[in-house]
Number of protein chains: 4
Amino acid sequence: MRLGVGVIGTGFMGKTHALAWRNVQAVLGGMMGDVATPDLALLCDAPLDRAQALAAQFGFARATDDWQALVTDPAVDVVSITTPNGLHHRMALAAIAAGKHVWCEKPMALTLAEAEEMAEAARARGVVTLVGYNYLKNPAFTHAQRLIAAGAIGRLVQFRGWVDEDYQADPDLPWSWRAKLAEAGLGALGDIGTHLVSFAHGIMGPITSLIADMQTIHETRPLPDGSGRGVVENEDAASVLLRFANGAQGSLVISRSAWGRKSRLGFEVHGTKGMIVFDQERMNELQIYQNEGPKAEQGFKTILTGPTHPPYGEFCPAPGHQLGFNDLKVIECAALLRAIAGAEPAHPSFDDALRIERVIHAIADSARNGGARIPL
Amino acid sequence: MRLGVGVIGTGFMGKTHALAWRNVQAVLGGMMGDVATPDLALLCDAPLDRAQALAAQFGFARATDDWQALVTDPAVDVVSITTPNGLHHRMALAAIAAGKHVWCEKPMALTLAEAEEMAEAARARGVVTLVGYNYLKNPAFTHAQRLIAAGAIGRLVQFRGWVDEDYQADPDLPWSWRAKLAEAGLGALGDIGTHLVSFAHGIMGPITSLIADMQTIHETRPLPDGSGRGVVENEDAASVLLRFANGAQGSLVISRSAWGRKSRLGFEVHGTKGMIVFDQERMNELQIYQNEGPKAEQGFKTILTGPTHPPYGEFCPAPGHQLGFNDLKVIECAALLRAIAGAEPAHPSFDDALRIERVIHAIADSARNGGARIPL
Amino acid sequence: MRLGVGVIGTGFMGKTHALAWRNVQAVLGGMMGDVATPDLALLCDAPLDRAQALAAQFGFARATDDWQALVTDPAVDVVSITTPNGLHHRMALAAIAAGKHVWCEKPMALTLAEAEEMAEAARARGVVTLVGYNYLKNPAFTHAQRLIAAGAIGRLVQFRGWVDEDYQADPDLPWSWRAKLAEAGLGALGDIGTHLVSFAHGIMGPITSLIADMQTIHETRPLPDGSGRGVVENEDAASVLLRFANGAQGSLVISRSAWGRKSRLGFEVHGTKGMIVFDQERMNELQIYQNEGPKAEQGFKTILTGPTHPPYGEFCPAPGHQLGFNDLKVIECAALLRAIAGAEPAHPSFDDALRIERVIHAIADSARNGGARIPL
Amino acid sequence: MRLGVGVIGTGFMGKTHALAWRNVQAVLGGMMGDVATPDLALLCDAPLDRAQALAAQFGFARATDDWQALVTDPAVDVVSITTPNGLHHRMALAAIAAGKHVWCEKPMALTLAEAEEMAEAARARGVVTLVGYNYLKNPAFTHAQRLIAAGAIGRLVQFRGWVDEDYQADPDLPWSWRAKLAEAGLGALGDIGTHLVSFAHGIMGPITSLIADMQTIHETRPLPDGSGRGVVENEDAASVLLRFANGAQGSLVISRSAWGRKSRLGFEVHGTKGMIVFDQERMNELQIYQNEGPKAEQGFKTILTGPTHPPYGEFCPAPGHQLGFNDLKVIECAALLRAIAGAEPAHPSFDDALRIERVIHAIADSARNGGARIPL
């Protein structure tokens, strides 16, 4: 059985999707069960010659510069949406309307209303949806989930998350559409805060309320044309206090202007019997402390991922040899294939991702209201 | 010139004070300038034979089990108060009334009112006071302060602090006076949160407002006599959002129930040109990232403290050989001697420390009021 | 232009080659210049149905269980040899005789004589050869090379290398062909020591002489059929003293029985102005110390690889997001394509790799002769 | 009972000895048993006014600039020798002749013959001797020894040691007596290699033979008077292959010219069930890997020293708060006091230390003979 793939966008995430589609069968064919084989049918970008060149490079059969044609193309069964955030809503609705499955990058949309509309449309049409929370697929992360489920650190009592990068740290960086609410929506919260919330959900379950503050560190930036300075309308950083349905508390810190941090996305989760710590900048490592054995011999243990942390072994049978960022997307793609085959629900689907976006928007709401507690 | 020293308490902090008094001249004599030489005059603890045994061990001339006799003893010019927190207030007031200088462990008192009374009494009587924020004396920390003052990371925009230990992590630990508001006052906030606030002040300056949440992770504990379970009345953990007078934002996370953390007290401070990170569990290291030179060569640099980070060189002329916890107290003691000699103000004095305690109590207030913003 | 690819072997390295061939154009198409496009023509393994299943999974057009047919197949222009070491020699000679380019895993052969024969055959026939020293392709490693060439750490004075894994650490692991000289050849030296020598050559240039010791830690192992214990004929570990043509000295330590080490392959290189440290277990990090600026601000800097370390950016435009093991093989594959296109010499070719094998065998010779100095 | 203490030298090690004598009772009085109480009787240095000033600072009763007077002074029962290495021999012999116990810094002497003479004299006279291998007293190190003795990592199979500093890394550092064989004796081997051998002995037991190479990285240095360049007569670096009596093999690497290393003295010891790693630059940490439990949960554990690692708790009852370099000397001093009291043998005594010096000189011999194997 074949599955026609259409990918919209060829930038950072576009290429990652294309590579994932290209590789998922070759890498994970041995563990996906009975799923369809992807056909790289159609790649969309503008201008057309760029789309054509990259289609050739990535191995797509055809190219187009018309995303509307792509989402309705009969050769396309599933659509990857990897364009700037402001376009996700329109594209996803069109793809769903055409009965296509959708793999959409995060955040789903600029506003919560749009995201809700997308989730509802997908539910109504019965298509499979998946949102690009690739870090959830890291074998180190899923190992943490398994350890916690097995009681390795006891009852969970506190979650502390962080996500920091420095792509907006330089005060001299020119103003761009990223700074505009109407085009980019939220700032650091949408770009990277979403990933952090996906971790919080994945480890702790639902958040019941939050309080937040947020900050535009660089309030204006030089306009690219040299004509003065443009206002930065969205946040560079946010900090959040959380309460979880399981009774635990927590906190999140988020910044796109944190010098030196390149992909710092991690957490520590405190339990009554131990602690687990993870950071994506050392994505093949997981740290655990357990209150077991003699005190003199206790300490944080650094586990290197390997074949005992599935599906690492499909990439490499030798432990500690390390997966990379793009490998996570391949694992994510396999989850989508299995969902389309009906083997297991896609996660996070539009419905799941909507819950993440609710948190992000609640953070912004709380911050705009001077730190009001927002229930979820 | 001699300075008669009386120390009340012989536990963790009592011994540390005794060792500091014993060593300050020998270690730091070469850099303190013209200060008095400490005479280890009187050591107080109960029962008397314990006090006597430890006076002999620590090298004190005399012992007593009567702290009131100590604070009025004519051979005593300065009093170290290292008893449980609930006793600081009474002892400090008595010592001040007797015209003695006071070196008091933190927190100053159980309540803000008591702390204010202590600060006022000291101001009125004109004695020198110092509160035991020894981590501020770490050459790594003061190097961070110097780097920041020199503009090494530009304008400060965010401060993230943490302080975690696990002395109350075990759910089976018996109930003790530490759990009682009337005897211990605040929990983690008083014990270790104070240290973290001293860092926040030392790096960022005044806090203007905060919002907090707090948590008693182990709500009851087994009574030591086996008669059932006692209620834990104070907090195991707290999380805080901060705004600073310099325009920056920040956050604090605090726990005494964080398995695996033994002396994790640190921060990262984000600037417009770089970042500095410190953690007391690796107290001889300081990390700095600077946006300087080619991107391909940027990274976090780990500086090992050495003789170029005064007064490290007075302990050891070889870099990277490492100071220990007790050494910090020796440096603190030197600061007190210099203050008593009039060479420089003591820091943090009762007035400075009162500002720290205001923050701690504001955190508790905010948390008790559902996360209300508390101005400072 | 198309390039017909035949891969022999489908295990650890076979899959890695297959994935590299599959991806090289898609990932690195933008930076390889004018090279041929790989056609996944033929995959060989036994039994045939396994070969067929994996050909389907990996995307090869055809499958065979006859490697001799593969190396002479007209649709095959280049042959990947990824079988157990004892087979490399025969297969490579046959492929070369058929005029095919050869991409062979290391070590080239069981004996130096075989490796020499292979190199000579390739030279005589004029085919392009490349040996699988994928770690040389890590952007962190090539960045180290660039830094050194630019004088970042001055004159090189010492090289210390290590390579440790624990795949033979367990005393209870059953005896296998790996323990047999006639089938496996050298032990740790061949498997992983070769990689370390490739680093030593890549950083320091030629070795002029060496002295070594070596060790079979587990002298016998339980036979798999329970009939007793089999002798381990090759080394578990070796240690080496080196002298380099550039006047520097060095050392190597090598073990396949080092508990806890999973892919520990690294070095520190000392220069007159600084030091560089690398370890493959944190393959996206490079450490450098430079004697520059105030002593108080010196320290080891940890550089995270990113787009400023080519060709990282072709995988991901965001720094610190991390490459994985399989990505290195993709970069290696691109080097082969460029060499086949005549754009640049392949490195390490059979001739280059022969120099690596000479070192490994010299280590074994020295050790067998009680630590005699062996010139190279 | 009192013990009269005389200290010769007031530099790096002189101050450290003085502080140790000053503190040993106060810190470790509770665990030493029935030992004499040190009286800081006499401090020797030149000129006399420096000796007097430092005697006052360190708390010694008297000062002298005549070491011969010190070693025969009736108020002196034990002599600390902390002068440059070339003077140890004469001073130790004189002190022993006067019937004093001797605490001598390492290396014992410039030549093996001198060291042998010292050991023999001490044996003949029956005085207690101790050589300043303070790193052996680190609770992290002794914990490693206990773990190994308890079988935590099985049979020991390999030892890898390193000791690096950068005090002679700068090519522009002026020539000094340190570079002269007749005054300094060996270079890096004597200064720091000795410490590393003390670790090798402490972990593995006796060495049976070795092979070494050595290197003078900076062959000449600018003369301080600007009159040209002086020859460096001793080694900056050495590398060694070891065989141990227990059947294991090992290696040592040693450099005083290793940029960025400040106190890097450590080892990894491989066993059949695990590995232990220690480095003095993080002196309060010990790493252990054990092949226990599920593979998926194995990893290196970082143990922070605390009260469960005696005598840490005498310094501080809270784990992870960290000891410093000077604290190690206090522990060493306690061992000397106990030996003088007859409670346990001093270790390493002159006899033990002589075995260390034999290794160092064997290394130099092997290197000078082109890497000949030297039996021990």
Side-chain angles (χ1 to χ4, degrees), chain B residues 11-13 15-16 18-19 21-23 25-30 32 37 40 53-54 56-60 134-135 138 164-167 260-265 280-285 301-306 312-330, chain D residues 11-13 15-16 18-19 21-23 25-30 32 37 40 53-54 56-60 134-135 138 164-167 260-265 280-285 301-306 312-330:
Chain B
F12 183 174
M13 279 299 140
K15 187 169 186 178
T16 302
L19 292 175
W21 284 117
R22 184 170 180 79
N23 282 315
Q25 178 71 31
V27 178
L28 297 174
M32 286 192 293
T37 298
L40 278 58
L54 289 170
Q57 181 179 333
F58 298 163
F60 279 72
N134 33 262
Y135 299 113
N138 186 335
D164 290 322
E165 300 198 7
D166 64 4
Y167 60 93
R261 304 310 191 186
K262 306 303 179 185
S263 183
R264 195 154 175 104
L265 165 65
Q280 178 69 18
E281 276 190 5
R282 287 182 173 161
M283 63 175 270
N284 291 280
E285 302 181 12
K301 198 164 59 178
T302 301
I303 300 169
L304 296 182
T305 47
Y312 177 106
E314 306 297 316
F315 292 86
C316 177
H321 280 52
Q322 307 195 34
L323 303 191
F325 175 81
N326 287 340
D327 296 332
L328 303 184
K329 214 69 188 178
V330 174
Chain D
F12 182 173
M13 280 298 141
K15 187 170 187 178
T16 302
L19 293 175
W21 283 117
R22 185 169 179 80
N23 282 316
Q25 179 70 33
V27 178
L28 298 174
M32 286 193 295
T37 298
L40 279 58
L54 289 170
Q57 181 178 332
F58 298 164
F60 279 73
N134 33 262
Y135 299 114
N138 186 335
D164 291 321
E165 299 198 7
D166 63 4
Y167 60 93
R261 304 310 191 187
K262 306 302 180 186
S263 183
R264 194 153 176 106
L265 165 66
Q280 177 70 19
E281 276 190 4
R282 287 182 172 162
M283 62 175 271
N284 291 281
E285 303 182 11
K301 198 163 59 177
T302 301
I303 300 169
L304 295 182
T305 47
Y312 177 106
E314 306 296 316
F315 292 87
C316 177
H321 279 53
Q322 309 196 33
L323 302 191
F325 175 82
N326 287 340
D327 296 332
L328 303 184
K329 214 72 190 177
V330 174

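Labels below follow one simple rule: chain letters A, B, ... track the order of the sequence lines, proteins then strands, and each chain is numbered from 1.
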Test of understanding: with side-chain contact (heavy atoms from CB on, under 4.5 Å), list the residues that count as partners of D:Asn326, not counting sequence neighbours. B:Phe315, D:Thr16, D:Leu19
Let me know if B:Tyr135 has heavy atoms under 4.5 Å from chain D in its side chain, its backbone, both or neither. side chain
Applying a strict 4.5 Å limit to non-hydrogen atoms, the region of B:Leu323 in contact with chain D is backbone
Looking only at heavy atoms, the pair that brings D:Asn134 and D:Lys329 closest together is OD1-NZ, 2.8 Å
Give the minimum heavy-atom separation between B:Glu285 and D:Glu281, together with the two atoms involved. OE2-O, 4.3 Å
Please rank D:Ala56, D:Gly29, D:Gly11, D:Gly260 by heavy-atom pairs under 4.5 Å with chain B and give me the top one. D:Gly29
Leading residue by heavy atom contact count with chain B [cutoff under 4.5 Å; candidates D:Ala53, D:Pro319, D:Ala18, D:Ala318]: D:Pro319
Once the angle between the rings of D:Phe325 and D:Phe12 is folded into 0 to 90°, is it parallel (under 30°), tilted (30 to 60°) or perpendicular (over 60°)? tilted
If you tally heavy-atom pairs under 4.5 Å against chain D, which of B:Arg22, B:Gln25, B:Met283, B:Arg282 wins? B:Arg282
Using the test salt bridge (Lys or Arg N to Asp or Glu O under 4.0 Å), find all partners of D:Lys15 that sit at least two apart in sequence or belong to another chain. none
